[in-house]
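First the structure, in the form of structure tokens, and then the observations on it.
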Amino acid sequence: MEDAHRRPEGVSDETVAALGSLSKALETTERARGHLFSFHQLTGTADLELDRAVELLRAAGHHEWAERVEREILGRNVIPGHWTFQIVEAYDRTYYEAFKELEREAVDRLAQGRDHLYEAEMKEDRRTRGHPDHTARPDSPGTRPPNAPFT
């Protein structure tokens with residue numbers, strides 16, 4: 001195991017488990033944030049497609065429907081006073097940035113800045129010694145190159 005992922009002396013099993021859980025929660029928040037960006041991009045793409053819909057409605061002679069789409073939906077707030085970019089910004093400022101800072105500070109203070117101790121120890125427990133695909137590190141002797149055939 002590389003030193004960056006070795007448990008510092010005096011760090012308890014409970015602390016490693018707690019930091020692992022905190023890290024997992026942050027990773028889940030990262031995924032939620034990604035979904036928020038998907039929501040932002042999908043909503044923006046839909047709003048831009050409305051330009052084409054308005055144009056096609058007009059070309060088809062449905063001027064009242066084109067006007068209605070422009071007036072009622074095009075550029076509309078997704079929640080009162082907010083477009084999706086504002087939701088992303090508020091999420092980042094209110095929740096995401098605070099969570100990231102707290103998790104980083106906890107790892108720095110409780111584990112000397114060593115990330116993923118829980119996962120690194122699980123890897124050590126689960127790997128098969130001597131197997132080319134179970135080496136401790138990428139540069140370990142016997143590590144199979146990325147494109148090497150399985151034998």
What side-chain donor-acceptor pairs closer than 3.5 Å can you find for residues 108-118, not counting sequence neighbours?
residue, atom, partner, partner atom, Å
Asp108, OD1, Arg104, NE, 3.2
Asp108, OD1, Arg104, NH2, 3.2
Arg109, NE, Glu105, OE2, 3.3
Arg109, NH2, Glu105, OE2, 3.4
Arg114, NH1, Arg6, O, 2.7
Asp115, OD1, Arg104, NH1, 3.0
Asp115, OD1, Arg104, NH2, 3.3
Asp115, OD2, Arg104, NH1, 3.3

request  = Please list, chain by chain and in numerical order, all residues satisfying side chain to side chain contact (heavy atoms under 4.5 Å, CB included) with Arg129, sequence neighbours excluded.
outcome  =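 Checked Arg129 against side chain to side chain contact (heavy atoms under 4.5 Å, CB included); matches are Glu124, Arg127.
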request  = Name all residues meeting the side chain to side chain contact (heavy atoms under 4.5 Å, CB included) criterion together with Ser12; count only those two or more places apart in sequence or in a different chain, and write none if there are none.
outcome  =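 Listed in chain order: Glu14, Thr15.
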query = What do you reckon, is NZ of Lys123 surrounded by more than 12 foreign heavy atoms closer than 6.0 Å?
reply =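 Result for NZ/Lys123: enclosed.
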query = If two hydrophobic side chains count as joined below 4.5 Å and joins carry through other members, does Val16 share a cluster with Leu102?
reply =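 As far as the 4.5 Å side-chain criterion goes, Leu102 and Val16 are not connected within one cluster.
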ask   = Which heavy-atom pair separates Trp83 from Val78 by the least distance, and what is that distance?
value =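 Here Trp83 and Val78 meet closest at C-CG2, 4.1 Å.
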ask   = What salt bridge (charged side-chain N to carboxylate O under 4.0 Å, His left out) pairs are there with at least one residue in residues 38-47, not counting sequence neighbours?
value =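 Found none.
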ask   = Which distance, rounded to the nearest 0.5 Å, do you find between the CD of Glu103 and the CG of Leu26?
value =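 Here the rounded value is 5.0 Å.
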task = To the nearest 0.5 Å, tell me how far Glu27 CD sits from Leu22 CG.
result =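 If we round to the nearest 0.5 Å, Glu27:CD and Leu22:CG are 10.0 Å apart.
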For [X], side-chain hydrogen bond (donor to acceptor under 3.5 Å, both in side chains) partners two or more places apart:
X     : value
Glu64 : none
Asp13 : Arg7
Tyr96 : Glu30

Only distances under 3.5 Å count here; give the side-chain donor-acceptor pairs of residues 48-58 to other protein atoms, sequence neighbours excluded, each with its distance to 0.1 Å.
residue, atom, partner, partner atom, Å
Arg58, NH2, Glu67, OE2, 2.4
Arg58, NH2, Glu70, OE1, 2.7

Which pairs of donor and acceptor atoms, one on a side chain in residues 35-44, lie under 3.5 Å apart (sequence neighbours left out)?
residue, atom, partner, partner atom, Å
Ser38, OG, Gly34, O, 3.3
His40, ND1, Thr84, OG1, 2.7
Thr43, OG1, Phe39, O, 2.8

key: Under the salt bridge (charged side-chain N to carboxylate O under 4.0 Å, His left out) test, residues paired with Glu72 that sit two or more places apart   =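 Salt bridge (charged side-chain N to carboxylate O under 4.0 Å, His left out) list for Glu72, sorted by chain: Arg68.
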With a cut-off of 3.5 Å and sequence neighbours excluded, list every side-chain donor-acceptor pair involving residues 87-95.
residue, atom, partner, partner atom, Å
Asp92, OD1, Arg33, NE, 2.6
Asp92, OD2, Arg33, NH2, 3.0
Thr94, OG1, Ala90, O, 2.8

ask   = His134: what forms a ring-ring contact (aromatic ring centres under 6.0 Å, His included) with it, not counting sequence neighbours?
value =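 Result, ring-ring contact (aromatic ring centres under 6.0 Å, His included) vs His134: His131.
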